[in-house]
Protein chains: 2
Amino acid sequence: MRDVAQRARVSAMTVSRVLRDDPKVLPATADRVRAAAAELGYRRNEMARSLRLGSGTGLVGLVVTNLANPFYSRLALGVDAVVGGHGLKTVIGNTGHDLDSERGLVEDLVARRVDGIIVVPADDDQRHLAAAAAGGVPVVVASRPPNGFDADCVLVDDHGGARTVTRRLLDAGHRRIGFLGSPPAVYTGAERLRGFTDALTEAGIEREPRYVRLGQQQTAEATRAAADLLALPEPPTALFCTNNRNTIGAFRAIRAAGAPTALAGFDDFELADVLGLPLTIAAYDSDELGKEAGRLLVARLGERAAAGGGQDGTPASARRAVVPTTLVHYG
Amino acid sequence: MRDVAQRARVSAMTVSRVLRDDPKVLPATADRVRAAAAELGYRRNEMARSLRLGSGTGLVGLVVTNLANPFYSRLALGVDAVVGGHGLKTVIGNTGHDLDSERGLVEDLVARRVDGIIVVPADDDQRHLAAAAAGGVPVVVASRPPNGFDADCVLVDDHGGARTVTRRLLDAGHRRIGFLGSPPAVYTGAERLRGFTDALTEAGIEREPRYVRLGQQQTAEATRAAADLLALPEPPTALFCTNNRNTIGAFRAIRAAGAPTALAGFDDFELADVLGLPLTIAAYDSDELGKEAGRLLVARLGERAAAGGGQDGTPASARRAVVPTTLVHYG
DNA sequence: CTGTTAGCGCTTTCAT
DNA sequence: ATGAAAGCGCTAACAG
């Protein structure tokens, strides 16, 4: 900056003003400065700037469990679309479902002074998030509710979606329905199991533990679990899978078994329409999930800015948004 | 930091030392400082730190065209895995294939003083990248070669993969082969078309312009284009598609037409094995592409650090890595 | 309209 | 082993 100032024969302060588009700089001077900056290929250091301004870094941290899953990459795009519209940049961190990794990422983001964090927690243990929130960093939890502290969050209608899909299977006459789900420790897994169970109960059917398989995360494991169910003496006539890994895995098992088993799932996926068997899915828009998370965060940042230095005391209480599911039928 | 210093009854300098794990601090003092820091929930400001150190921000920028495409999200994970292993964090920007957006992102990353940039350019116009590189920011170009300037880059064996796949179709006896490709302005599109053409030429066949459809980016467009080809008086007996959007689109057209058309493509995708028709694919590992890009960047950063303040002059010349393709056959 | 002073949070250098 | 001063690049606040 000093170099630019010298070249333009002004002080550093004037350079700063020109780059800020401060109107009270003589146009002639401004041009000289801009010319000098261009010739030197100078770009002001945004980090130093935000340090001085104390205004935050203009970065938001996004922590997800698995970016390779289209679900999360679309969520990331949704977040970026919203916060980007407010002049914020998204820093994405991937945890690979690893809690330590998540802890490290969150700490680092806080240390880098991101303006806020959006996180899909890998685990029920969210003490590091509580710490960050307590430290004054706005936190938005996505896809699961905050655990052990208070924060804005955006959820999917897991229970309702699972209940509706299960009902659809019941309406089609199925009475023996298998269930392939996420580990019950994961909120979405527990909720979807609850929705499934409630639908059964409403139909006067008791959930059969032997029809329930939990915890498989990869399609290959899901295929094995589904094959197990189909090999039972009285096999289920339909399978409900709580995520697309399980749905695809179950599909392969059904195809291999050759039985006319009906399939239902949570999360839509590409090519679901060409599988050639009846397939009902509780679909939802992960892009919208991300957007909503972004909106919550931006709103929180806005309040914070409005509150300014004054100790307005009570911040608005935690908001919670729920993204609905829609029923899709193929086959 | 001052607060911590006061609480621990030391100077800010000592706090700084403790947090740096400087050994020449009395253990007792260090403990007092750490306790104070913990009680205050203090985290040192990494941005201010890097400002003072002049050492770069520890961030690398990654600019891709469409993160929703698993290809790019896996590439991003590959990049992150490598650079993360070197203490660097990845800032991802999505351009949506928009050149202006790409320009803005790159400028912003430079202004934020990222240590380096990895970019999948949206367009042949790469002047903003040239500018960044000229400004001293290490740039690695992925998936296409740098245009108009010199930089490290990592490519896929587009030509070889396309040639091999096409040969396979020829070996299977096909003589009328349709081609569904990316816009020719895109490097990968042009190279894959070239590979296709070369294979035909080697077999003594001339490429028929009426069998070539370029530019469709969505599966729906690809389906229409493929349907057009299949409706020709002498329709192709096989289709070669240069990316998975086109492959999936073509698959739908073939299924709808009911003709026994063979299908070949570039880029593997989930469920490719259940489509129920002969499908040959030139597959490659986009994760590896990202890792290689990360490695090139890290190597470059290492050299730069080694060179230090001294004007070693000539930096090592641009490196180029090529990721191979493998042939996969389904059906 | 332009420049000077001071300081954001941290660390290097030089004392002590 | 610890502290005081100076400054990384930038900009508010106050001159002039």
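Order of the sequence lines fixes the chain letters, A, B, ..., with proteins taken first and strands second; residue numbering starts at 1 for each chain. Scope of the values below: all heavy atoms of this structure, side chains included, with no hydrogens, waters or symmetry mates.
The side chain of A:Arg2 sits closest to D:dC8 out of D:dC8, C:dT13, D:dT2. In this structure, of D:dG9, D:dG7, D:dC10, it is D:dG7 that holds the atom nearest to the side chain of B:Arg52. Distance from the side chain of A:Leu53 is smallest for D:dT11 among the nucleotides D:dG9, D:dA1, D:dT11. Residue B:Lys24 has its side chain nearest to D:dA1 when only D:dG3, C:dC10, D:dA1 are considered.
In this structure, A:Leu19 places its CG atom 12 Å from C1' of D:dT11, rounding to the nearest Å. In this structure, A:Arg113 places its CZ atom 11 Å from C1' of C:dC10, rounding to the nearest Å. Atom C1' of nucleotide C:dC1 and atom CG of A:Asp21 are separated by 16 Å, given to the nearest angstrom. Here D:dC10 presents its P atom at 10 Å from CG of A:Asp3, a figure rounded to the nearest Å. When rounded to the nearest whole Å, the span between CZ of A:Arg49 and C1' of D:dG9 equals 12 Å. Rounding to whole angstrom units, CG of residue A:Leu51 and C1' of D:dG7 are separated by 12 Å. Distance CG (A:Asp22) to C1' (C:dG3): 13 Å, rounded to an integer number of Å. For B:Asp31 and D:dT2, the CG to P distance is 11 Å, given to the nearest whole Å.
Results of the side-chain contact (heavy atoms from CB on, under 4.5 Å) test with A:Leu62 over A:Val140, A:Val91, A:Leu75 single out A:Leu75 as the only residue that passes.
The base of C:dG3 lies close enough to the side chain of A:Arg17 for a donor and an acceptor atom to sit less than 3.5 Å apart.
Applying the salt bridge (Lys or Arg N to Asp or Glu O under 4.0 Å) test to residues at least two apart or on different chains, the pairs with a partner in residues 96-106 of chain B are B:Asp100-B:Arg103, B:Arg103-B:Asp125.
One finds a side-chain N or O of B:Thr29 lying less than 4.0 angstrom from the OP1 or OP2 phosphate oxygen of D:dT2. Contact check, A:Ser50 against D:dC10: no side-chain N or O comes under 4.0 Å of OP1 or OP2. Residue B:Ser16 places at least one side-chain N or O under 4.0 Å from the OP1 or OP2 atom of C:dT11. Phosphate contact (OP1/OP2 of C:dT11, side-chain N/O of B:Arg44, threshold under 4.0 Å): present.
One finds the CD atom of A:Gln6 at 6.5 Å from the CG atom of A:Asp3 (value rounded to the nearest 0.5 Å). From B:Asn94, atom CG reaches atom CG of B:Leu67 across 5.5 Å, with rounding to the nearest 0.5 Å. Once rounded to the nearest 0.5 Å, the distance linking CZ of A:Arg43 with CG of B:Asp108 reads 11.0 Å. Here the straight-line distance linking atom CG of B:Leu109 with atom CG of B:Leu59 works out to 9.0 Å at 0.5 Å rounding.
The pair A:Arg113-B:Glu46 does not meet the salt-bridge criterion, since no charged nitrogen lies less than 4.0 angstrom from a carboxylate oxygen.
If B:Thr14 and A:Met1 are placed on DNA chain D by their nearest nucleotide, the residue sitting closer to the 5' end is B:Thr14. If A:Met13 and B:Pro23 are placed on DNA chain D by their nearest nucleotide, the residue sitting closer to the 5' end is B:Pro23.
Rotation axes derived from the C1' atoms of the five outermost pairs at either end of the helix from C:dC1-D:dG16 to C:dT16-D:dA1 lie 40° apart, to the nearest 10°.
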